[in-house]
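This one's a predicted model, so the numbers in the text were calculated from it and none came from an experiment.
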Amino acid sequence: MFFKLQREKKMKILCISDTHNNHNKLTEVVNELIETEKVDVLVHAGDFSSKGIERQVRKFNNWMELVNLPKSHKIGISGNHDFYSERFGKAKMLIRCDNFIYLEGDSTTIDGVKFWGGPWTPWFFDWAFNVARGRNIKAIWDNIPTDTDVLITHGPPAYILDECPDGRKVGCTDLLNVITNDLDIKAHIFGHIHHSHGHQLIDKVHYVNASSMGEDYKTVNPPIIIEINKTKTETI
């Protein structure tokens with residue numbers, strides 16, 4: 001007779017975002033945290049470039065090679081500054097990014113944990129991956145698989161780490177509604193709003209604004225590490 005046991009194990013995720021072509025300033029601290037904190041996965045939540053040109057894509061890909069984790073344990077998405085990704089499409093982007101897993105409306109699974117990533121944000125001055133609020137952007141979020149464990153978007157959900165310096169809350173209401181009503185995620189990692197860098201635990205979900213740069217576009221915010229449970233089923 002065989003029995004299936006479920007054992008809770010942990011996964012540590014190191015979160016960064018909005019490096020805007022200055023990832024080299026994080027190399028030492030990222031690799032030190034990977035070693036000392038026993039990090040399992042690195043997530044970059046978009047805006048790896050400043051102007052979205054090809055050489056900046058290559059520079060980011062080369063930087064990812066310096067991160068001391070297996071390729072399959074490094075995940076990146078695009079953001080509103082990453083025009084190259086939007087203009088030339090995912091297929092061409094993938095050719096230039098062979099040192100990590102690039103997500104654009106799709107998923108990857110690492111050690112039993114399912115990650116979904118997408119770069120879209122509510123429309124704002126015609127930046128890359130801008131989508132009109134309401135039914136247009138909701139249609140994108142509705143395609144997030146319901147078995148997603150870790151959600152990666154460039155922008156925040158409404159009212160969670162989404163405050164601008166002038167006090168405006170600019171997160172996506174449609175994204176918040178999908179998370180609240182349709183998903184059972186363990187973590188949501190994003191960036192975009194530099195002013196609201198930080199971490200909140202709400203209803204057992206880790207919300208992380210991982211923006212590495214402040215409002216002055218200087219790399220001042222430290223990476224954030226979160227730890228989530230993963231269930232491993234063993235047959236004995």
Any luck finding a side-chain donor-acceptor pair between Thr19 and His44 under 3.5 Å?
yes
For the pair Leu26 and Val29, evaluate side chain to side chain contact (heavy atoms under 4.5 Å, CB included) and give the outcome as yes or no after the intermediate values.
CA-CA 5 Å; Leu26 291 172; Val29 66; 3.9 Å; yes
Less than 4.5 Å apart, any side-chain heavy atom of Ile160 and any of Asp162?
no
Any side-chain heavy atom of His81 within less than 4.5 Å of one from Trp127?
yes
Taking only residues two or more places apart in sequence or in another chain, which ones pass side chain to side chain contact (heavy atoms under 4.5 Å, CB included) with Val205?
Ile185, Tyr207
Measure across Asn209 and Leu161 and return the closest heavy-atom pair with its distance rounded to 0.1 Å.
ND2-O, 3.1 Å
Please check if any side-chain donor atom of Asp82 sits under 3.5 Å from a side-chain acceptor atom of Ser49, or the reverse.
yes
For His192, the option from Asp47, Asn80, Asp18, Thr121 that meets side chain to side chain donor-acceptor pair (under 3.5 Å):
Asn80
Fit a plane to each ring of Trp116 and Trp120, take the angle between them on a 0 to 90° scale, and name the class: parallel (under 30°), tilted (30 to 60°) or perpendicular (over 60°).
tilted
Mark yes or no for whether Glu163, through its side chain, and Ser196, through its backbone, hold a donor-acceptor pair below 3.5 Å.
no
Enter the distance from Asp182:CG to Ile144:CD1 here, rounded to the nearest 0.5 Å.
9.0 Å
Step-by-step side chain to side chain contact (heavy atoms under 4.5 Å, CB included) determination, His188 to Thr153
CA-CA 8 Å; His188 181 195; Thr153 62; 2.8 Å; yes
Value rounded to 0.5 Å, distance of NZ in Lys74 from CD1 in Ile101
10.0 Å
Which of these passes side chain to side chain donor-acceptor pair (under 3.5 Å) with Glu54: Lys92, Arg87, Arg96?
Arg96
Over all heavy atoms of both residues, which pair between Phe190 and His154 is shortest? Give the atoms and the distance, please.
CB-O, 3.7 Å
Test item: side-chain donor near acceptor, Asn99 and Asn62, under 3.5 Å:
no
What verdict does the side chain to side chain contact (heavy atoms under 4.5 Å, CB included) test give for Leu183 and Val178, after you've listed the backbone C-alpha separation in whole Å, the side-chain angles of each residue and the deciding distance to 0.1 Å?
CA-CA 7 Å; Leu183 303 179; Val178 168; 4.0 Å; yes
With a 3.5 Å cut-off and no angle check, do the side chains of Gln56 and Ser50 form a donor-acceptor pair?
yes
Any heavy-atom pair between the side chains of Pro145 and Ser107 that's under 4.5 Å?
yes
Between Asp40 and His73, which heavy-atom pair has the shortest distance, and what is it?
O-ND1, 2.9 Å
We want to know whether Asn229 and Lys9 form a side-chain donor-acceptor pair, criterion being a heavy-atom distance below 3.5 angstrom.
no
Run the numbers on Ile13 and Val208 for side chain to side chain contact (heavy atoms under 4.5 Å, CB included), then give the verdict.
CA-CA 11 Å; Ile13 304 171; Val208 179; over 6 Å; no
Can the ring centres of Phe48 and His23 be said to be less than 6.0 Å apart?
no
Shortest non-hydrogen pair, Ala128 vs Gly79, comes out as CB-O, 3.9 Å
Work out which heavy atom in Phe124 is nearest to a heavy atom in Asn130; give both atom names and the distance.
N-OD1, 2.8 Å
Atom CZ of residue position Arg133 - does it have more than 12 heavy atoms of other residues, nucleotides or ligands inside 6.0 Å?
yes
Please determine whether the number of non-hydrogen atoms from other residues, nucleotides or ligands lying under 6.0 Å from atom NZ of Lys114 exceeds 12.
yes
Which residues pass the side chain to side chain contact (heavy atoms under 4.5 Å, CB included) test with Asp126, sequence neighbours left out?
Trp123
Taking all heavy atoms of Ile34 and all of Asn68, pick out the closest pair and write down the distance.
CG2-O, 3.6 Å
